[in-house]
Colleague: 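This structure is in structure tokens; I'll ask about it shortly.
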Amino acid sequence: MILGWRKRRIARHAGKKNPAGNHEMELVIPNHFRCPISLELMKDPVTLSSGITYDRESIETWLEAGNFTCPVTNMMLRSFDQIPNHTLRKMIQDWCVEKQNYGVERIPTPRTPVTPIEVSEILFAVSASAQDADQYRCLELVQKIQKWGAESERNRRCIVANGTAAVLAAAFDAFSKDSVERNVAVLEEILSALNWMFPFDVEAQKSLGSRASLGCMVWFLSSKDLSPKQDSIVALKELLACDQQLVEKLSDIEEVNEILVEFVKKQICPTITKASIMVIFYMVSVAYSSSEMIKLAFVKMGLVSLLLEILVDSEKSICERALGVLCGLCSCKEGREEALSNALTVPVMVKKILRVSELATEYSISAISELCKYGRSDEGKILVEALQVGAFQKLLLVIQVGCGDKTKEKATELLKLLNPYRAGLECIETVDFKNLKRSF
């Protein structure tokens, strides 16, 4: 059997002339070194109860898919135990060393996968160290969990499946209540570990949603180091996605609004920018007692103009989030006034219709509708401007293409607002709104 990847052997690397016509040599992998599932060279061969050896990653994927038979023999497996085949793995490693001139790298000796019992034991120790406020012991344990997770995807799945997120979140809450400044090292490590355990379960949400935990994450947003900033803002985004009722708690924390706007303005890194816009989206979209005050605060910080500048030339993922925030800000009077005073507002909104995604199209149409319905006394000029930059034609397309009913309904409502201002604009067709309504 021929190896799927070919390696060109250049004679000058060996200091010899290449034999005539032998510019490329094919490397053959012995069949018993190949995984019967992936047909690739095995890196971690394990043997099942059927006596057949597979690469660990391939057979685990097979078993996790709900299969209970041996892929080769089709026999029902008596057990799911995977016995490491050390002899075969050593033979494969020796063969890799022999063939290194072909560009083959020696496979590393695989580490023994972590077991649920080991995870349970270390989580018990983490809980105990958190109760005793022993940050150094807890730091050591969390670093060990991080090391396990870095070794393989299988280890990560095992760690997450055994409730690690809830235990680490509880420890994070405990150390946050004790003292953020004194426990900064262990808090950073826990936050880093939690960032590969999304989505959070209910227990983890409860612990991370405490005022102490939220305050600690906001404190990290002001850190000089990039890593804790990124871990914190991503954790906040995931937390609010799971439980939007935490928005009010977060909005009560001092200076959080200023920090978020600063992240959007400076665009330190794409991950932080996207997560910050998403956190702001939750803050301006969810209804709570101080939501109008929060919107007003963001407007006064210049967020409307900032988002419009970002929307002029940004990638799709940021566009959708930014349009969602802009739509939320336009639901308040001050936000609409700020948007209407900016020359970019209508052209940018119309441009994004059918250019980013259906959700972005819905946000754009909703924001334009808000401006048209509740704008200033010269709202007729806004409607004419929308017509001049092609809003009418785009809205007709929204109704004709495969957008959702909600988006089509909003497009029809906006068309009705635009319809009286079409006089004098010859390029725009007359539309029968009754027929439009029947079309979806």
Colleague: Should the pair Asp94-Lys90 be classified as a salt bridge under the 4.0 Å nitrogen-to-oxygen rule?
Modeller: yes
Colleague: Which atoms form the tightest heavy-atom contact between Val126 and Cys138, and what is the distance?
Modeller: CG1-SG, 4.1 Å
Colleague: Backbone N or O of Glu151 within a donor-acceptor pair of the Arg156 side chain at under 3.5 Å?
Modeller: no
Colleague: Looking only at heavy atoms, what is the nearest atom pair of Lys394 and Leu354, with distance?
Modeller: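 That would be O-CD1, 3.8 Å.
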Colleague: If you measure from CZ on Phe298 to CE on Met283, what distance do you get to the nearest 0.5 Å?
Modeller: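 Interatomic distance, Phe298 CZ to Met283 CE, rounded to 0.5 Å: 4.5 Å.
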Colleague: Can you list the residues that meet the side chain to side chain contact (heavy atoms under 4.5 Å, CB included) rule with Glu140, with sequence neighbours excluded?
Modeller: Arg137
Colleague: Heavy-atom count check: over 12 atoms from other residues, nucleotides or ligands less than 6.0 Å from Glu254 CD?
Modeller: no
Colleague: Quick check: are there more than 12 heavy atoms from other residues, nucleotides or ligands sitting under 6.0 Å from CD of Glu57?
Modeller: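 Result for CD/Glu57: open.
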Colleague: Any donor and acceptor pair, going by atom type alone, linking the side chain of Asn67 with main-chain N or O of Trp62 inside 3.5 Å?
Modeller: yes
Colleague: How about Gln205 and Leu246: do any of their side-chain heavy atoms sit closer than 4.5 Å?
Modeller: no
Colleague: Are Arg111 and Asn155 close enough that some pair of their side-chain heavy atoms sits under 4.5 Å apart?
Modeller: no
Colleague: As an exercise, state the distance from CD of Gln393 to CD1 of Ile353, rounded to the nearest 0.5 Å.
Modeller: 11.0 Å
Colleague: What I'd like to find out is whether the side chain of Asp173 reaches to under 4.5 Å of the side chain of Lys177, using heavy atoms alone.
Modeller: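 The answer is yes, as the side chains (C-beta and beyond) meet within the 4.5 Å cut-off.
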Colleague: Is it the case that atom CD in Glu105 sees more than 12 heavy atoms from other parts of the structure closer than 6.0 Å?
Modeller: no
Colleague: Looking at every heavy atom in both Cys35 and Asp55, which two are closest together, and how far apart are they?
Modeller: SG-N, 3.5 Å
Colleague: Salt bridge between Lys274 and Glu315, side-chain N to carboxylate O under 4.0 Å?
Modeller: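 Between Glu315 and Lys274 there is a salt bridge, with a charged N closer than 4.0 Å to a carboxylate O.
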Colleague: With a 4.0 Å cut-off on N to O distance, would you call Lys295 and Glu292 a salt bridge?
Modeller: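 Salt bridge present between Lys295 and Glu292.
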Colleague: How far apart are the C-alpha atoms of Ile399 and Leu415, what are their side-chain angles, what is the distance that settles it, and do they pass the side-chain contact (heavy atoms from CB on, under 4.5 Å) test?
Modeller: CA-CA 10 Å; Ile399 294 172; Leu415 278 170; 3.4 Å; yes
Colleague: So, the side chain of Asp178 versus the backbone of Ala174: is there a donor-acceptor pair under 3.5 Å, distance only?
Modeller: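 Not a single qualifying donor-acceptor pair exists.
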Colleague: Is a donor on one side and an acceptor on the other found under 3.5 Å between the side chain of Arg336 and the backbone of Leu371?
Modeller: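 Not confirmed, Arg336 side chain does not pair with Leu371 backbone.
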Colleague: Within this structure, what is the OG1-NE2 distance for the pair Thr47 and His86, rounded to the nearest 0.5 Å?
Modeller: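 These two atoms lie 10.0 Å from each other.
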Colleague: Specify the closest pair of heavy atoms between Leu221 and Ile259, including all atoms of both residues, with the distance to one decimal.
Modeller: CB-CG2, 3.7 Å
Colleague: Are the side chains of Ile272 and Leu226 in touch, meaning some heavy atoms are under 4.5 Å apart?
Modeller: yes
Colleague: Do Val186 and Ile190 have side chains that get closer than 4.5 Å, going by heavy atoms?
Modeller: yes
Colleague: If only atom types and distance count, is the side chain of Ser192 paired as donor or acceptor with the main-chain N or O of Glu188 below 3.5 Å?
Modeller: no
Colleague: Can you confirm whether more than 12 heavy atoms, excluding those of Arg182, are under 6.0 Å from its CZ atom?
Modeller: yes
Colleague: For Asn195, which residues count as a side chain to side chain donor-acceptor pair (under 3.5 Å) partner, sequence neighbours excluded?
Modeller: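 For Asn195 there are no side chain to side chain donor-acceptor pair (under 3.5 Å) partners, ignoring immediate neighbours.
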Colleague: Nearest 0.5 angstrom please: Tyr54 OH to Asn85 CG, how far?
Modeller: 13.0 Å
Colleague: Between Ser369 and Lys410, is there a side-chain donor-acceptor contact under 3.5 Å, judged purely by atom types and distance?
Modeller: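 No pair is found: no donor N or O on one side chain lies under 3.5 Å from an acceptor on the other.
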Colleague: Do you know the tightest heavy-atom contact between Leu191 and Pro228?
Modeller: CD2-O, 4.5 Å
Colleague: Do Glu181 and Trp219 have side chains that approach each other closer than 4.5 Å (heavy atoms only, starting at C-beta)?
Modeller: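 Touching, per the 4.5 Å side-chain cut-off.
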Colleague: Relative to the ring of Phe68, is the ring of Phe80 parallel (under 30°), tilted (30 to 60°) or perpendicular (over 60°)?
Modeller: tilted
Colleague: Would you say the side chain of Leu311 lies within less than 4.5 Å of the side chain of Leu326, judging by non-hydrogen atoms?
Modeller: yes
Colleague: Is it true that, when you exclude Lys206 itself, more than 12 heavy atoms of the residues, nucleotides or ligands shown sit nearer than 6.0 Å to its NZ?
Modeller: no
Colleague: Does Thr164 reach the main-chain N or O of Ile159 with its side chain, forming a donor-acceptor pair under 3.5 Å?
Modeller: yes
Colleague: Rounded to the nearest 0.5 Å, how far does OG of Ser213 lie from CZ of Phe175?
Modeller: 12.0 Å
Colleague: More than 12 heavy atoms of other residues, nucleotides or ligands under 6.0 Å from CD of Gln245: yes or no?
Modeller: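 Counting other residues, nucleotides and ligands, CD of Gln245 stays at 12 neighbours or fewer.
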Colleague: Looking at Ser223, is its backbone amide N or carbonyl O close enough to the side chain of Lys229 to form a donor-acceptor pair, meaning the two atoms are under 3.5 Å apart?
Modeller: yes
Colleague: Any chance you could measure Ile59, atom CD1, to Leu48, atom CG, to the nearest 0.5 Å?
Modeller: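 That separation rounds to 4.5 Å.
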Colleague: Before you tell me yes or no, could you show the steps for Leu239 and Met217 under side-chain contact (heavy atoms from CB on, under 4.5 Å), namely the whole-Å CA-CA distance, both residues' side-chain angles and the distance that decides it to 0.1 Å?
Modeller: CA-CA 11 Å; Leu239 193 59; Met217 284 186 270; 4.1 Å; yes
Colleague: Begin with the C-alpha distance, continue with both residues' side-chain angles, and end with the deciding distance and a verdict on side-chain contact (heavy atoms from CB on, under 4.5 Å) for Asn342 and Val348.
Modeller: CA-CA 11 Å; Asn342 194 308; Val348 167; over 6 Å; no
Colleague: Between Leu260 and Val264, does a side-chain contact (heavy atoms from CB on, under 4.5 Å) hold up when you go through it step by step?
Modeller: CA-CA 6 Å; Leu260 292 171; Val264 176; 5.8 Å; no
Colleague: Are any side-chain N or O atoms of Arg34 and backbone N or O atoms of Met42, one a donor and one an acceptor, separated by less than 3.5 Å?
Modeller: no
Colleague: Of Val184, Asp225, Leu236, which meets side-chain contact (heavy atoms from CB on, under 4.5 Å) against Phe220?
Modeller: Val184
Colleague: Could you list the residues that satisfy salt bridge (Lys or Arg N to Asp or Glu O under 4.0 Å) with Lys144, not counting sequence neighbours?
Modeller: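 In terms of salt bridge (Lys or Arg N to Asp or Glu O under 4.0 Å), with neighbours along the sequence ignored, Lys144 is linked to no residue.
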Colleague: Can you tell me if Asn162 uses its side chain to pair, donor with acceptor, with the backbone of Cys158 under 3.5 Å?
Modeller: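 Yes, the answer is positive, given that a donor and an acceptor are paired below the 3.5 Å cut-off.
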Colleague: Of all the heavy-atom pairs spanning Pro110 and Asp44, show the shortest one and how long it is.
Modeller: CG-OD1, 3.3 Å
Colleague: Does some side-chain heavy atom of Trp95 sit less than 4.5 Å from a side-chain heavy atom of Val104?
Modeller: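 Contact flag for Val104/Trp95 side chains = yes.
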Colleague: So, does Ser305 use its side chain to make a donor-acceptor pair with the main chain of Gly302 at under 3.5 Å?
Modeller: no
